[in-house]
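Note sheet for the following structure.
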Amino acid sequence: SQKIEQNSEALNIQEGKTATLTCNYTNYSPAYLQWYRQDPGRGPVFLLLIRENEKEKRKERLKVTFDTTLKQSLFHITASQPADSATYLCALQIKAAGNKLTFGGGTRVLVKP
Amino acid sequence: DTGVSQDPRHKITKRGQNVTFRCDPISEHNRLYWYRQTLGQGPEFLTYFQNEAQLEKSRLLSDRFSAERPKGSFSTLEIQRTEQGDSAMYLCASSLGWTGGSVSEKLFFGSGTQLSVL
């Protein structure tokens with residue numbers, strides 16, 4: 001079966017440190033991988049998109065890597081701040097599935113001051 | 001505000017009643033998606049439209065669920081004979097879709113409709 005796995009345990013991190021989240025998938029060949037941020041009671045907000053032929057993407061304090069051999073993406077928040085506390089979702093866009101996004105379960109991040 | 005809007009934000013209903021939710025996407029977006037999300041889980045795909053055409057419906061979706069997008073603008077999601085298991089956040093999202101060189105599926109989500117079935 002096809003799975004997208006994110007660590008369901010919350011990640012507690014001290015302000016200023018780097019938070020690293022993992023997204024693993026099986027039995028997919030995604031064209032794109034995306035990361036979203038979701039705050040309680042709100043819809044997800046797009047952060048970054050990385051293509052299958054890209055290894056790394058950066059945006060301000062965020063960095064995403066994509067390893068199609070390992071079937072894994074890592075999401076880094078550097079110099080983390082309490083305002084970064086949220087749930088982070090990875091999502092795969094698969095051409096064979098009509099390009100719709102399939103989401104992982106999300107990882108909650110709590111940045112402590 | 002030119003984002004995706006959903007109405008209502010909250011809906012409480014009794015088991016067996018019908019409910020309808022509305023989604024107004026970003027005006028130039030031709031793809032519209034419905035997702036369902038329960039606490040602690042990621043959004044689960046329900047259905048999507050390309051303009052007014054409903055292109056896919058999740059096999060997990062029962063016949064009690066129906067969605068429409070007349071004229072390719074706003075969309076409605078109806079749940080008939082609600083059950084307690086239908087309690088969830090219903091999220092609508094829109095995207096540009098095909099943009100000449102690639103299908104851009106960067107989704108813009110609304111704030112969702114929280115459904116509670118008693």
Side-chain angles (χ1 to χ4, degrees), chain A residues 1-10 21-25 28 30-54 57 59 64 73 75 86-109, chain B residues 1 3-6 9-10 21 23-26 29-50 53-61 88-99 101-114 116:
Chain A
S1 63
Q2 299 168 327
K3 288 183 182 178
I4 303 170
E5 294 181 337
Q6 295 185 254
N7 193 341
S8 58
E9 286 186 23
L21 284 64
T22 303
C23 175
N24 293 300
Y25 61 93
Y28 285 118
Y32 306 93
L33 188 145
Q34 301 186 24
W35 285 88
Y36 288 75
R37 168 185 172 137
Q38 187 173 25
D39 292 289
R42 310 293 294 182
V45 175
F46 172 81
L47 295 175
L48 281 167
L49 176 152
I50 188 165
R51 293 174 171 78
E52 60 184 334
N53 59 353
E54 296 177 323
K57 205 76 168 282
K59 178 184 175 183
V64 172
S73 174
F75 177 81
T87 295
Y88 292 86
L89 300 157
C90 77
L92 303 186
Q93 180 180 338
I94 302 149
K95 288 178 184 175
N99 281 299
K100 67 178 184 291
L101 284 190
T102 302
F103 285 85
T107 298
R108 192 160 64 92
V109 173
Chain B
D1 189 326
V4 177
S5 63
Q6 292 188 246
R9 286 295 312 276
H10 304 274
F21 310 141
C23 172
D24 287 89
I26 293 172
H29 285 184
N30 54 45
R31 281 199 170 192
L32 185 148
Y33 295 80
W34 286 98
Y35 284 83
R36 175 171 62 189
Q37 187 176 27
T38 53
L39 200 61
Q41 303 296 315
E44 175 190 28
F45 170 78
L46 296 179
T47 188
Y48 86 97
F49 295 82
Q50 174 87 23
Q54 187 173 17
L55 295 188
E56 187 175 344
K57 186 175 175 180
S58 169
R59 283 173 291 178
L60 301 175
L61 212 57
M89 172 79 85
Y90 288 84
L91 292 164
C92 175
S94 67
S95 73
L96 280 170
W98 184 259
T99 54
S102 64
V103 178
S104 169
E105 288 308 273
K106 172 183 170 183
L107 296 187
F108 293 79
F109 282 86
S111 292
T113 294
Q114 182 66 52
S116 298

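Proteins come first, then strands; the chains are lettered A, B, ... in the order of their sequence lines, and each starts at number 1.
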For [X], is it the side chain, the backbone, both, or neither that has a heavy atom closer than 4.5 Å to a heavy atom of chain A?
{"X": "B/Y35", "answer": "side chain"}
{"X": "B/L91", "answer": "side chain"}
{"X": "B/E56", "answer": "side chain"}
{"X": "B/Q114", "answer": "neither"}

Check: At their closest point, which heavy atom of A/F46 faces which heavy atom of B/K106, and how far apart are they?
Finding: CD2-CE, 3.3 Å
Next item on the list: With a 4.5 Å cut-off on heavy-atom pairs, point out which of A/A91, A/S8, A/G105, A/P44 contacts chain B the most.
Entry: A/P44
Margin query: Shorter than 4.5 Å, heavy atoms on both sides: which option in A/T102, A/V45, A/T87, A/L101 has the most such pairs with chain B?
Written below: A/L101
Note to self: Does A/R108, at its CZ atom, have more than 12 non-hydrogen atoms belonging to other residues, nucleotides or ligands within less than 6.0 Å?
What the structure shows: no
Check: Would A/K100 count as a cation-pi partner of B/Y48, with NZ or CZ less than 6.0 Å from the six-membered ring centre and within 45° of the ring normal?
Finding: no
Item checked: Heavy-atom contact with chain B under 4.5 Å, split by part of A/Q38 -> side chain
Notebook entry, point to check: How many angstroms lie between atom CZ of A/R42 and atom CE of B/M89, to the nearest 0.5 angstrom?
Noted result: 9.0 Å
Checklist line | Atom pair CD/CG of B/Q41 and A/L89 - distance to nearest 0.5 Å | finding: 11.0 Å
Next item on the list: Just give me the residue among B/G40, B/G110, B/G42 that pairs up with chain A most often, heavy atom to heavy atom, under 4.5 Å.
Entry: B/G42
